[in-house]
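First up is the structure itself, then whatever we jot down about it.
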Amino acid sequence: MDNRRLINILESLLLSHNKPLPINKIKEVFDSYYKDKFNQQNELSTEITNDFILKLLSDLSSRYQNTSLELVSVSSGYRLQIRQDYSLWVSLLLEEKPQKYSRAFLETLALIAYKQPITRGEIEEIRGVSVNSHTIKTLIEREWIRIIGHKDVPGKPALYATTKNFLDYFSLNKLDELPMLNEVNIKEIITA
Amino acid sequence: MDNRRLINILESLLLSHNKPLPINKIKEVFDSYYKDKFNQQNELSTEITNDFILKLLSDLSSRYQNTSLELVSVSSGYRLQIRQDYSLWVSLLLEEKPQKYSRAFLETLALIAYKQPITRGEIEEIRGVSVNSHTIKTLIEREWIRIIGHKDVPGKPALYATTKNFLDYFSLNKLDELPMLNEVNIKEIITA
Amino acid sequence: MNQEQLIEPVQEELPLAVINGEKLIKLPDDLYIPPEALEVFLETFEGPLDLLLYLIKKQNIDIVDIPIAKISHQYVQYIEAMHQMKFELAAEYLVMAAMLAEIKSRMLLPKVQIAEEEVEDPRAELIRRLQEYEQIKQGAEELDKLPRMERDIFQVEPEICPITQIHYPDVQLSELVQALQGLIKRADNFTRHEVKKETLSIREKMSNILEHLKNNDATQYTEFTSLFNLEEGRRGIVITFMAILELSKQFLIEISQNQSFSSIYLKAL
């Protein structure tokens, strides 16, 4: 059996096994084949040593240069995995549709969008409840808001404003393209 | 983004999905990336069309020449699988031996596959024995068959047909790829 | 049959039971099958049609000219054997026996010539069913030969790196508006003039100016006129001016001028 076929066998074992594969398990497979009835075509003429398996593994590994796969050695053996570089793409495929944001989150974002620059205290004043730190953190992580300064009042609170990313996400060129709440509606809402 | 990276992305999607991947699902992933916040590094500058995905798939397929892998098209999409040439080796590694199906099971499945849509009564008529409820249940649980309607005769019996899963499982694209049924002449069987 | 007969052949014929098909049993003429083997033997048949096919093949009978008498005799003997074994006799086997008996009886009847109408051979229906069954039996075998997942085909399952990317929820612009409207409902201090178009432009400008001032070295002053973009036209200039005033009013910037009519400088606080 030529090396290419041996390397392919190794590949098929690694790819079909969803756990890391230890060298001795690979050797077992080759041994069982070598010793027994499957070997009718005399594919394996000599026993495969651990050293030889290591050499085959290294040959196999070089096959994955410039692909999305990589051969890694972990504590319990060898495994083929998808490169980190591609995990975002895999996540786009595998992940459930993300959950929706809470009303608190949307209200905070709306206030920052419509009343920027605004401090956390001002948001709390309007909403009548304290703003969850996590909400602000998430908004900053998403790069939808950022701190553009500090208000010159005691405590020097951060002033939040929306970013270009925010505009891009909502397909707006400028902030004043945000939908206006028409005055009649507002009146109705306020007097309601 | 150069084609190599696109092909790798495709590879990572196929490798990480444990079912055949339809073109439109691939397109969805590219679309969601293209349209949205992940695309901050502007990796994707143009939308990816179905035709382009097909081209990428064919490029990817040629990557697997001389390896243990192959890209195949089955009923519900594309799938990366171990070449049959290597399945013996893979089975050496399996802890559970693959399931063998009884004749009753296979005959019932064959009747549904070849004579669909078909009622249980019709299956029983041809086989000359009653159909085990367990057989039908197993076939439905495996998502190989499903009820596609009810026959307009007394009792309104369910009509069974095979599913895409069935085709995928047997590596078929379409029902007419099933092996041809021979015209049987009993005389020939006996003298054979 | 006596005890001896029952026990004797068992030892010899037992292996027959484990083999499917041809070598299974050399059927004696009287169809005698050792009881212990019978069960296994029966299990190899999928039903009366299967058994009948077996008997016909075994006897090398010309199907077109089935000697119904002989076959049904064997068949019934077979069923009797099952009965003696107290097998729960599947009704289907009995139905088939009845069918064979019916065909036999019809064939024994003298042929009555009904005016020009040809009487169908009573065996035709049986032959049709046998052929149909044989066909599906072959179909099942073909199906079994197809490369099958988990047996002949293995899908790859490499490990996937833990996903570090967070998948964010989507937000529609309308949701943002709804959120604000909800707020308006609740908050009295949210008055309507604050959400007019000009206000927003001014607010955006305020953010821009503040950011601009901050991006310059915070200690440095920025020249007043440099904040205006003439391309924005008259309205733009007014908005910029109002934004500066508003920033100043909110103590966000410091405006200074050394002497009248000299340059005005701004600094973020």
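From a predicted model like this one, the values you see are computed outputs, not experimental measurements. Below, chains carry the letters A, B, ... as their sequence lines are ordered, and counting in each starts from 1.
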Could you tell me which of A:Asn66, A:Leu10, A:Ile26 has the largest number of non-hydrogen atom pairs under 4.5 Å with chain B? A:Asn66
Between [atom1] on residue [X] and [atom2] on residue [Y], distance to nearest 0.5 Å:
X       : Y       : atom1 : atom2 : result
B:Leu92 : A:Leu13 : CG    : CG    : 8.0 Å
B:Arg5  : A:Trp89 : CZ    : CH2   : 7.0 Å
A:Leu93 : B:Phe30 : CG    : CZ    : 10.5 Å
B:Ile9  : A:Asp85 : CD1   : CG    : 8.5 Å

Could you check B:Val90, B:Leu69, B:Leu88, B:Thr67 and say which one makes a side chain to side chain contact (heavy atoms under 4.5 Å, CB included) with A:Ser12? B:Val90
Would you say that more than 12 heavy atoms from the other residues, nucleotides or ligands in this model lie under 6.0 Å from the [atom1] of [X], or not?
X        : atom1 : result
B:Lys25  : NZ    : no
A:Lys27  : NZ    : yes
A:Lys156 : NZ    : yes
B:Gln84  : CD    : yes
B:Asp176 : CG    : yes
A:Gln65  : CD    : no

Which atoms of B:Arg63 come close to chain A, meaning under 4.5 Å heavy atom to heavy atom: side chain ones, backbone ones, both, or neither?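 B:Arg63 touches chain A through side-chain heavy atoms alone.
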Would you mind checking which part of B:Leu21 comes under 4.5 Å of any heavy atom in chain A, side chain (CB onward), backbone (N, CA, C, O), both or neither?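 For B:Leu21, the contact with chain A is made by the side chain alone.
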Which residue out of B:Asn8, B:Ile7, B:Leu80 racks up the most heavy-atom pairs below 4.5 Å with chain A? B:Asn8
